[in-house]
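Heads up, the thing below is written out as C-alpha cells.
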Amino acid sequence: MPDHEPHSHDKTQLEQASFLALVLIVTILLVMIAWPFANPILWSALAAIMFQPLYQGVLRRMKGRSNPAAIVTLLIIFFAVLVPAMVVGGLVVDEAANVVNALQTGDIDIASWFDAVYAVLPEFARTSIENAGFGDISSLQARLQELFGESAGLIARQAVSIGGGALGFFLSFGLGLYVSYFLLRDGKQVGETILSSVPLEREIADRMAVRFLSIVRATIKGSLVVGLVQGALGALTFWIAGVPSAILFGVVMAVLSLLPAVGTALVWLPAAIYLLATGYVWQGIFVFASGALIIGMADNVLRPILVGRDTGIPDWIILVTTLGGIAAAGLSGVVLGPLVAGLFLASWSILREQREENEADIPPAS
C-alpha cells in the first residue's frame, strides 16, 4: 500500500500540471484570436468602469431593469462623448491638412514670422539664438517644408488606408459598443468571476481590484479630462484672439498637457510672443494672460478635485509611460501606459504592505 501512495501523488501532480498548461495554452490562443480587436475591447472596459456610476443611477430610475438601463447609458455615452469627439476629430483633420498645404505652398512664411519676433528680441537673446545655430531661418524653413511634404504624403497614404479599411473601422466601433453594453450591465458579475478565478489569495486580489479601479479613474480623470479642459480653454482663447486653426492648436494643447508644468505653455507662449511682436498687442496680452492664469492653472485646480491628492501617479511616470504607451500601442497608449505603470506601483505597494504585516506578526527574539 505505501508503494502506491507516491505514485498516486505524482500522477495527481502531473494531471494538475497538464491541466494548468492546457488553461495557459487556451488563454494564449484566445488572446491571439481577440488581439485584432484589443483596442475596442480596452476602451469598452474603460468606458464601463468610468460610466458605471451613471449606469447605476439610470438603473435606480428604471427600477432595476438592467437591459433598458444599459441601453440608455450607452445612448448617453454615444451622443455626449462619441459624437462630439468625431465632429472635433473631423475639424482637426481639415485644419491640419490646411496647415500642411499652406506650409507647402508658402502661404505660411515661417521666415517672416521668425524675423518679426527676432526683431523685437533683446540683444542677448539674439546672440543666444545665433550661437545655437538658428540664426539662418531660411535653411530651417526649407527643412521644415520638406518634413511637412513628407508628412502630407503620409497623411494621404493614411487617408487611403482608412478609407480602404472602413469596414474594419465600423466593425471595431460596433464591437466596442456591443461589449460596452454587456460590461455596463454585467460588469460587477464579471469582476467577481475574475477575482474568484485568478490564482491569487482573495485578499490580494481584492486589493489589486481596488487599486486597479482607482488607477483607471485617476488616469482618465487626471490626464484625459484635465487635458480636454485645457485644450478647450486654449482653443477658445485662440478663437477670441483671432488665431487661425484654433481647434487644431487646442487639440495640440490637450496632448501636451500630459507634460508636467510646461505642457500647454509650449503652444500659447510662442503664440503670445508672436502676436505681440507683430503688433497685435491686446491679442498677445490676452493670450498670455489666459494661458498663465486660466489654462495653466486649470491643472492645479481640477486635478485635486477630480482625482484627489493621493490617488494619482507621479507626473514624471505619467509622462514616460504615456510616451512609451503611444509608441507601443498608438492612441490607446495614452491610457494603457499609465495604467500598466499604476498596476506596477500597486503590486509592489501591496507586496511591501504584506512584508510589513508579516514582520509585525513575528514575535521579537528572546
Side-chain angles (χ1 to χ4, degrees), residues 37-89 172-198 202 205-233 236 254 257 298-313 318 331-332 334-336 338-339 342-343 346:
F37 301 101
N39 283 340
I41 293 174
L42 171 65
W43 287 103
S44 298
L46 296 177
I49 292 172
M50 288 303 302
F51 291 100
Q52 187 64 215
L54 174 62
Y55 167 74
Q56 294 297 330
V58 175
L59 185 65
R60 287 192 295 270
R61 289 181 176 272
M62 293 193 167
K63 299 179 180 180
R65 293 181 295 168
S66 58
N67 288 332
I71 293 174
V72 170
T73 305
L74 206 58
L75 289 174
I76 294 174
I77 296 172
F78 180 79
F79 287 105
V81 178
L82 297 179
V83 171
M86 288 187 287
V87 172
V88 172
S172 298
F173 186 75
L175 177 65
L177 293 177
Y178 186 73
V179 173
S180 298
Y181 167 79
F182 285 102
L183 290 180
L184 284 169
R185 191 191 68 178
D186 306 324
K188 289 187 175 181
Q189 294 87 337
V190 172
E192 179 64 28
T193 301
I194 293 175
L195 292 178
S196 301
S197 303
V198 293
R202 184 54 191 261
D206 289 338
R207 285 186 185 182
M208 289 294 294
V210 171
R211 301 283 177 89
F212 175 78
L213 294 177
S214 66
I215 289 167
V216 169
R217 294 190 174 100
T219 300
I220 294 179
K221 290 182 180 179
S223 298
L224 296 186
V225 174
V226 174
L228 290 175
V229 171
Q230 289 185 303
L233 291 173
L236 180 62
S257 67
D299 180 76
N300 297 330
V301 174
L302 291 176
R303 194 179 296 272
I305 296 175
L306 294 173
V307 180
R309 297 185 182 274
D310 300 324
T311 56
I313 307 170
I318 290 180
L331 181 61
S332 299
V334 173
V335 174
L336 189 60
L339 189 61
L343 290 176

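What you see is a predicted model, and the numbers here were worked out from it, not measured in a lab.
The two residues Y55 and S66 come nearest to each other via the heavy atoms OH-CB, 3.4 Å. Between V81 and F51, the shortest heavy-atom contact is CG2-CZ, 4.0 Å. Taking every heavy atom of both residues into account, A69 and T73 meet most closely at O-OG1, 2.8 Å. Of all heavy-atom pairs between L183 and A45, the closest is CD1-CA, 3.7 Å. Closest non-hydrogen pair, L184 versus Q52, comes out as O-NE2, 3.6 Å. Shortest non-hydrogen contact noted between S180 and L74 is CB-CD1, 3.7 Å.
Taking CG of L233 as the start and CG of L228 as the end, the distance is 11.0 Å to the nearest 0.5 Å. Summarising the geometry, atom CZ belonging to F37 is positioned 8.0 Å from atom CD1 belonging to I41; distances are rounded to the nearest 0.5 Å. Atom CD1 of I77 is separated from atom CE of M50 by 10.5 Å, given to the nearest 0.5 angstrom. We find the CG-CH2 distance between L177 and W43 to be 14.0 Å, quoted to the nearest 0.5 Å.
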For L59 and Q56: C-alpha separation, side-chain torsions, deciding distance, then whether side-chain contact (heavy atoms from CB on, under 4.5 Å) applies. CA-CA 5 Å; L59 185 65; Q56 294 297 330; 3.9 Å; yes

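Within a 6.0 Å sphere centred on OH of Y178, other residues, nucleotides and ligands contribute 12 heavy atoms or fewer.
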